[in-house]
Amino acid sequence: MTSLARLRHDFHSERGSVLPLAMIAMLLFSVLGFTLVAMGTTELTISGSWKQYSAAFYGAEAGVESGVVALRGLIAGTPTPTNAELAAIIAPILPDPKLNFTTFAVTRVVPAPPYSYPTTFTTGPYAGFSGQVTDYLITSEVRGDKGTRSRQTQILRHVQVPLFQFGVFYGAGVDLEIAPGPNMTFNGRVHSNSNIYVGAGSTLSFDSTMTAAGTIQRQIKRSSEIPWGNDPLIKDTVGSYRPLNFDHLYQPGFGGTWAPAAWQAQASSTFGNTVRDSSMGVGQIIPPIPDLFYNPSNPDVIAHQLIEIANPTDAADLRAAKMYSKSGLRIVDGVATDMSNNLVPLPGGVITTRSFHDAREVKAMSVVEVNVGLLRSSGAAPSNGVVYVATTGTPGAAVRLVNGSQLPSQGLTVVTQNPMYIQGDYNTVNKVPAGVLADAVTVLSNQWAANNSDAKGALVTSTRPASPTTVNAALALGPSVESSVANGGNGQLENDIRFLEDWNGQAFTYRGSIVNLWHSQQATGQWVCCGSGGGNYYTAPTLNWSYDALFNTTPPPGTPQGVLLLRGPWTRK
């Protein structure tokens, strides 16, 4: 074969192989193109499905939040709602017409009465608190476009906390100030729905937890000094006293401020979980007055309604919340009735009207005097152990409890919207659970009647010598607003219980629980201490105070129940 013939042969062979290669290339490009188109379509489908799912997810979430708000509002006025009231909570309206609720329900987790169970928190900001828990399940399922759906569930825990299980409990409108001059030790839980201001004149020790829904500060409101006084000692988780030589605002040594996270870390490392405030998740334990669930601007005034007489203009939920409505015996303006407003005959001498001079109020007080011993021995005490006593429309109206060393066996809680005086030893014989709720509480010693102090009340303090006296009762009371001192202090916790005598060298022994939810509205005399001149009206006793551990298992009759609303487990599908 000549060279020209071989060249032609090779050319024809190469031309024959190009065609298949070109076809293969075209096929590959076609497959790639279809793949890219398919990928793009898939991406659009996925994107669209995700968008539809997201819309359903946020719709279901809106349902959960709407259920939480509605349930919170219902519980505020009806602590134990009926199944019908729960079923009446309806789903919110969704803005996207492609979305709709396939399931929306608010139900109890425990379906049968009493619907609740007792618990003691072992972890978290409320470690150590005991309460009665009712769990509610909010179920919200939303279906979206093209079959997408989202289902979410949320447990809302309604925890009722007896307020008298605290050694000290302060409401949102009354800052807790603790600044005793003498040595003092608290063995009960200390909680404030607002701030805690604390310092020690000498030695101040806390044997249990200290929690605040606001902040914990080492100062007092009437002074600009930081820190004020000596460092309080607080037991840590293992029971060792540790000094509070820092606070929410200031680092150890008080030489400079720091961030809340640094305070949180230091408090945790120093005390474990015994010292906590809002930065550690502590919130308010809401007292049982409906309007307090809505963060009012005047919570102390609203809280005072707890002890006020119910009247026809009250909303049904407020009327039901008042202690008046829970009282088995009501003595108002001298007329005694039961819970159904039937007249109740009382033996002569159970109630008497008297008058005496209160040197703090600088006026004569017109008191309804209740002979507690006679109330007990005559069998006139109500079976539920709650008595309401008040006088309306009389200047200086007040209530005084006398002969109260032994109370009815079922326990006794006495409530008034007026100032209250407890005269002499109270609940010291065969001690039972007891409580007193009043505008303010003044203790008159065992010596008061013996030295005719009712008549001598207008004279100088030294004419009213006190003698050792013991009171065993939970107290819900109000301090006065101290307008005469900087920043409106409250006279501090150690001055919560009021005195009118010369207690110098005499002991006042107290076992109970102190709850401050309001400022006193009727007993408004300023706190002044101590001595015989310049408006002083008493000298301070030696304070022997402690929390009554009896209340851990057996609280006083009619004990007000604070409320915690906590979110439990949340799920989604």
Side-chain angles (χ1 to χ4, degrees), residues 65 67-81 85 115-116 118-119 121 124-136 155-176 189-196 209 211-215 276-278 280-308 314-323 325-326 435 437 474 476-478 513-519 555 558-568:
E65 295 305 313
V68 168
V69 171
L71 181 58
R72 179 185 174 92
L74 175 61
I75 290 174
T78 311
T80 308
E85 288 171 323
Y115 308 117
S116 60
T119 191
F121 295 99
Y126 304 104
F129 289 8
S130 298
Q132 195 73 15
V133 181
T134 304
D135 286 334
Y136 294 90
I155 296 289
L156 187 68
R157 290 192 166 135
H158 174 241
V159 187
Q160 290 185 299
V161 181
L163 295 185
F164 291 148
Q165 74 168 301
F166 296 89
V168 177
F169 183 98
Y170 270 56
V174 191
D175 284 332
L176 170 54
R189 301 181 188 94
V190 175
H191 176 83
S192 172
N193 275 351
S194 50
N195 301 315
I196 294 178
T209 58
T211 53
T215 62
R276 293 172 177 260
D277 70 2
S278 55
M280 291 86 150
V282 177
Q284 292 190 32
I285 300 172
I286 305 172
I289 293 294
D291 282 354
L292 293 178
F293 281 77
Y294 304 106
N295 297 316
S297 59
N298 54 345
D300 60 328
V301 175
I302 289 176
H304 195 272
Q305 295 176 115
L306 182 69
I307 58 171
E308 295 173 6
D314 289 338
D317 54 358
L318 174 59
R319 184 180 182 88
K322 289 184 172 183
M323 292 297 297
S325 300
K326 306 176 190 300
L437 294 83
L477 68 168
S513 167
I514 295 179
V515 173
N516 276 200
L517 304 180
W518 50 80
H519 289 99
T559 293
Q561 303 287 314
V563 174
L564 278 169
L565 291 175
L566 305 174
R567 289 181 186 255

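Position 1 is the first residue of the sequence, and the numbers go up from there.
- In this structure, the separation between CD1 on Ile514 and CG on Leu163 is 14.0 Å, given to the nearest 0.5 Å.
- In terms of heavy-atom proximity, Pro299 sits nearest to Leu292 at O-CD2, 3.6 Å.
- Proximity of Pro560 to Leu437: side-chain heavy atoms (C-beta onward) are separated by under 4.5 Å at one or more points.
- Counting heavy atoms from C-beta outward, Leu564 and Ile285 have side chains that approach closer than 4.5 Å.
- A distance-only check finds a donor-acceptor pair linking the side chain of Gln561 to the backbone of Thr559 [under 3.5 Å].
- Side-chain N or O atoms of Ser278 include none that pairs as donor or acceptor with a backbone N or O of Thr215 at under 3.5 Å.
- The aromatic rings of Tyr126 and Phe121 are tilted relative to each other, their planes meeting at an angle between 30° and 60°.
- Pro288 places none of its side-chain heavy atoms less than 4.5 Å from the side chain of Val563.
- Considering all non-hydrogen atoms of both residues, Pro79 and Gln160 come closest at CB-NE2, 4.1 Å.
- Here the CG atom belonging to Leu176 is positioned 9.5 Å from the CG atom belonging to Asn195, to the nearest 0.5 angstrom.
- The shortest non-hydrogen separation linking Lys322 to Gln305 is CG-O, 3.3 Å.
- With hydrogens and angles ignored, the 3.5 Å screen pairs no side-chain donor or acceptor of Gln284 with any backbone N or O of Ala172.
- Annotation: side chain of Ile289 is in contact with side chain of Leu318 (closest heavy-atom distance under 4.5 Å).
- Using a 4.5 Å cut-off on side-chain heavy atoms (C-beta onward), Phe164 and Val515 make contact.
- Here the side chain of Ser192 pairs no donor or acceptor atom with the backbone of Ala212 at under 3.5 angstrom.
- In plain terms, the two heavy atoms of Ser130 and Val161 that are nearest each other are O-CG1, 3.8 Å.
- Side-chain contact of Asp175 with Ser194: a donor-acceptor pair under 3.5 Å is present, judged by distance alone.
- Taking CG of Leu517 as the start and CD1 of Ile302 as the end, the distance is 12.5 Å to the nearest 0.5 Å.
- Using a 4.0 Å cut-off between a side-chain N of Lys or Arg and a carboxylate O of Asp or Glu, Glu65 and Arg72 do not qualify as a salt bridge.
- Here the side chains of Asn193 and Phe169 are in contact, with some heavy-atom distance below 4.5 Å.
- Using a 4.5 Å heavy-atom cutoff, the side chains of His158 and Leu565 are in contact.
- Val190 places none of its side-chain heavy atoms less than 4.5 Å from the side chain of Thr209.
- A side-chain N or O of His191 and one of Thr211 form a donor-acceptor pair less than 3.5 Å apart.
- When all heavy atoms of Asp300 and Trp518 are compared, the pair lying nearest together is O-CB, 3.2 Å.
- Of the possible donor and acceptor atoms, none in the side chain of Arg319 sits under 3.5 Å from a partner among the backbone N and O of Ser325.
- Between Ile75 and Tyr136, the shortest heavy-atom contact is CD1-CE1, 3.8 Å.
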